[in-house]
Amino acid sequence: NSIPVPPPRSPPTLPPSQPAIFIPVDRSPEIQEARLLLPILAEEQVVMEAVTHNRVVVISGETGSGKTTQVPQFLYEAGYASGDGIIGVTEPRRVAAVSMSQRVAKEMNLSDRVVSYQIRYEGNTTENTKIKFMTDGVLLKEIQRDFLLTKYKVIIIDEAHERSVYTDILIGLLSRIVPLRAKRGRPLKLIIMSATLRVEDFTANESLFPARPPVIEVGTRQFAVTVHFNKRTPLDDYAGEAFRKICKIHRMLPPGGILVFLTGQAEVHSLCRRLRRSFPHRPVPDPGEGEGRKSQTWIDLANYSSVPLEEEEAEDREAGSDGDGEAGSEADLDLGDGDGAEAGECLTPGVSPVFRPAPGGTRLCVVATNVAETSLTIPGIKYVVDCGKSKRRFYDQLTGVSTFRVTWISQASANQRAGRAGRTEPGHCYRLYSSAVFADFEEFSPAEITRRPVDDLVLQMKDLNIEKSLVSAEELLISLGALVEPLQTGRYKELERAKLSCPISPLGRAMASFPVAPRYAKMLALSRQHDCMQYAITLVSALTVRELFEEFNRPAVNEEETQKLKGKRARVAQMQRIWAGQGVSLKLGDLMVVLGAVGACEFAGCTLHFCTQNGLRYKAMLEIRRLRAQLTNATNAIYPEAGLFVDPKMKPPLESQVTMLRQMVLAGLGDQVARRLPPGEVLEDKWRNAYKTPLLDDPVFIHPSSVLFKQLPEFVVYQEIVETSKMYMKGLTEIEAEWIPLLLPRYTHFEKPLESPPPSYCPDTGRVRCHRASTFYRVGWQLPAVEMDYPEGLDRFKHFAKFLLEGKVIKKFASYTSCLLSSPAVLLKTWAKLQPRTDILLQALASEGVDCREALLTTWKKSNQCEYNRRLDLDVLHCGLCAEELYRWLCSVDLLLALCVVNRCSVETTQ
DNA sequence: GAGCACTGC
């Protein structure tokens with residue numbers, strides 16, 4: 001039943017054929033036999049000719065065709081990995097990269113030193129590696145180091161139809177790299193593998209590939225799946241509809257596993273309970289406990305969603321109460337050969353060992369969310385029940401607010417789900433919605449890049465010196481100090497254009513080398529200053545992984561379970577309070593909890609037992625552990641003097657370090673500050689305990705799970721805002737208002753320096769200091785006046801001149817102060833200009849740019865290179881002789897300054 | 001006073 005293969009479009013004249021290369025492969029007879037069944041094998045000739053004659057080739061076909069495992073082998077046999085180049089294959093998921101490399105190594109009878117993989121945390125590549133499977137993000141990082149990907153002769157992008165962000169960006173970059181490599185005489189071949197439906201995305205995009213690349217279509221080994229639509233579409237109760245459908249399938253249809261697609265964890269729980277109640281078997285272990293629970297996500301879906309249904313089923317009262325005649329009839333289980341057979345992806349080799357076969361005399365029923373669509377393959381599924389919906393995260397690019405919504409899936413997703421029924425034999429897919437509804441589905445899910453924040457991507461592109469016109473992300477990066485701020489001159493349009501072409505700063509380069517979001521990368525880059533790096537790394541790891549804690553909020557089925565869940569929630573809340581601590585520690589808020597949780601978990605050896613006891617997600621803790629190791633290595637690579645290591649017995653941070661961490665969080669997440677509405681300003685009830693953020697008009701609230709929920713600090717920084725019943729901030733840290741102007745000057749509008757307290761001279765930095773009040777951008781919150789460097793401008797020269805004459809800058813000058821014709825304070829008077837001597841002094845300082853001690857000494861040094869060079873090595877400020885020389889110099893030559901102000905006699909005596 | 005799908009560096 002394979003799709004006819006059109007010949008690849010060939011160029012009018014073929015280049016002279018090259019001598020055929022053939023690298024022998026020693027496959028076992030069993031492997032060879034199995035390969036022959038794969039549709040792709042019949043196309044080897046076609047594929048290889050297309051690759052020979054084209055720089056870019058698209059291979060389309062569902063995963064059942066075997067293209068992922070076979071095409072790299074074709075290329076290897078044709079010599080694409082002999083000599084100085086290797087074959088690279090990207091996958092959107094880690095499991096796929098690992099399992100594919102193992103599978104291909106086995107098929108080719110080669111060691112994993114030759115057919116290897118690389119994922120974020122680990123890999124087995126060697127200098128002998130010829131075929132390298134990797135996740136898409138890994139290859140993107142490699143481009144950052146070697147833009148032309150010189151070690152590869154071929155790059156295969158697998159699963160391109162999934163349109164994952166990294167895959168999208170890779171294809172964009174490779175479309176530019178391929179011609180560059182051709183120009184250099186070391187051609188790189190690009191093979192894009194995609195499901196048939198989405199091939200146009202790549203071939204019809206002329207800015208990607210001006211010459212349309214040839215497409216080779218391959219059939220699948222997929223068995224026919226008959227699709228049955230509901231006549232009616234339930235309004236809301238798709239879970240109930242699923243339940244009824246499962247009951248009917250189970251009662252009336254031949255053996256074979258059932259896979260049910262729902263949208264969320266709670267639904268999965270509740271449907272499983274309902275099924276167990278209706279078809280009781282031996283007790284199924286509670287998902288929240290039991291030693292078989294290796295990891296949360298997988299086991300959740302394995303243990304509690306694998307419901308063996310007994311053949312001698314119990315009376316199904318709930319199904320019996322089904323009043324919907326039409327949906328309840330047996331007609332909709334029609335097994336006749338419909339023409340609705342749809343091929344869908346079904347093959348992900350390396351089936352998860354988590355799924356145990358159903359016990360004898362029972363039927364396997366798996367209730368799952370989206371995971372089962374691409375990430376998991378469950379053996380023995382013959383029936384798919386598809387509610388047609390999925391829960392997706394929506395992200396508002398303007399406000400940064402996340403929401404989770406249950407929406408209709410795309411036609412492509414529905415077909416993907418249906419395909420899961422045809423893996424081992426012909427199957428059936430029951431769609432709990434009508435064909436009319438299906439026809440209204442979007443053809444595809446929107447590409448991921450359109451639905452997520454892009455700041456990290458822009459930074460990476462900048463690191464590659466690629467321009468991208470994404471204004472808001474650029475603004476964020478400028479605010480973080482990762483990009484150089486554009487010049488504030490010129491017309492508006494020029495300004496906008498300047499923004500888009502901001503070069504990357506040294507800080508930005510350092511940030512780009514950390515494989516985390518730019519906000520977190522900035523925290524890491526800053527942590528070097530205060531001996532907080534190991535804490536910052538731990539914090540950033542945990543925040544990147546997110547959702548550290550198990551969710552015990554699901555509705556319970558009976559009193560016993562209610563109590564159990566209540567107990568678990570109480571235990572977690574208690575631990576969170578302990579980890580958060582009191583006083584200074586508590587101000588770090590939910591991030592202190594995270595730090596404490598990771599610290600305690602590692603201290604206990606990161607065991608499953610510890611995680612279960614304390615409501616931590618074991619899988620999350622393992623991921624944090626690996627990310628910590630990676631970030632520690634990355635940090636050591638940038639700052640070798642740091643000498644960091646992952647300390648499993650890391651001590652809690654000192655109070656001073658906690659404060660530094662809070663400041664780092666603020667510096668990294670300066671645009672995610674919220675202020676509590678002062679109780680006196682609460683006019684409407686909806687603003688009670690509410691916070692205001694710069695970007696939202698509506699009130700936001702502290703999430704009840706936060707340890708700061710009852711604290712209600714005036715200023716907080718949040719990690720995210722999720723809109724559920726209200727707008728809730730999560731991941732909170734308390735910050736001090738006076739930090740904002742100092743750490744976030746770019747978000748602050750400063751007022752004029754205050755007259756009281758008066759500006760002062762800082763003997764340590766040699767600069768003029770002052771106090772300034774300020775307001776926070778957009779919302780105009782009044783911020784307390786803080787001490788800071790005096791702003792640039794004429795006034796700074798005035799103050800510096802005053803301090804100079806007062807002897808604050810050069811101590812020795814103090815002895816001359818009494819000889820001055822007028823008090824140094826005259827310089828600050830509005831009428832000072834009327835005194836020519838003060839004006840001449842100011843002009844002299846300004847023309848040399850002398851408004852701090854360093855500038856003064858530099859100018860002096862420059863002007864008196866020969867005369868005073870030797871003495872400058874001495875400490876000018878404390879050596880009387882030098883100070884006098886300096887003073888004389890100031891009076892006589894270059895700056896002319898004191899002459900005009902200082903009493904003539906005094907000058908004569910010193911000269 | 002609550003309830004979040006999945007994935008990658």
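Proteins get letters first, then strands, A, B, ... in listed order; numbering begins at 1 in each. Both backbone and side-chain heavy atoms feed into the values below; hydrogens, waters and symmetry mates do not.
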Distance check: side-chain N/O of A/R393 vs OP1/OP2 of B/dT7, anything under 4.0 Å? no

Rounded distance (Å) that lies between atom C1' of B/dC9 and atom CD1 of A/I624: 17 Å

With a non-hydrogen cut-off below 4.0 angstrom, is A/R546 in contact with a base, only sugar-phosphate, or nothing? nothing

Between the side chains of A/R198 and A/E159, is the shortest nitrogen-to-carboxylate-oxygen separation below 4.0 Å, so that they form an ion pair? no

Atom-pair distance (CD on A/Q719; P on B/dC4), nearest Å: 19 Å

From A/I86 CD1 over to A/I131 CD1, what is the distance, rounded to the nearest 0.5 angstrom? 9.5 Å

Contact class for A/S390 (heavy atom, under 4.0 Å): base, sugar-phosphate, or nothing? nothing

Centroid-to-centroid, A/Y433 to A/F441, below 6.0 Å? yes

Taking only side-chain N and O atoms of A/S402, does any of them lie within less than 4.0 angstrom of OP1 or OP2 on B/dC4? no

Please confirm whether the shortest side-chain N or O distance from A/T724 to OP1 or OP2 of B/dG3 is below 4.0 Å. yes

Taking OP1 and OP2 of B/dA2, is either one under 4.0 Å from a side-chain nitrogen or oxygen of A/Y728? yes

How do A/G264 and A/T544 order along DNA chain B: which one's closest nucleotide is nearer the 5' end? A/G264

Please walk me through it: do A/T538 and A/Q534 pass side chain to side chain donor-acceptor pair (under 3.5 Å)? CA-CA 6 Å; A/T538 307; A/Q534 56 167 345; over 6 Å; no

With a non-hydrogen cut-off below 4.0 angstrom, is A/S725 in contact with a base, only sugar-phosphate, or nothing? sugar-phosphate

Is A/H269 near enough to B/dG3 that one of its side-chain N or O atoms lies under 4.0 angstrom from OP1 or OP2? no

Would you say A/K141 places a side-chain N or O within less than 4.0 Å of OP1 or OP2 belonging to B/dC9? no

Give A/T263 one of three labels, base, sugar-phosphate or nothing, depending on what nucleic acid heavy atoms sit under 4.0 Å from its own. sugar-phosphate

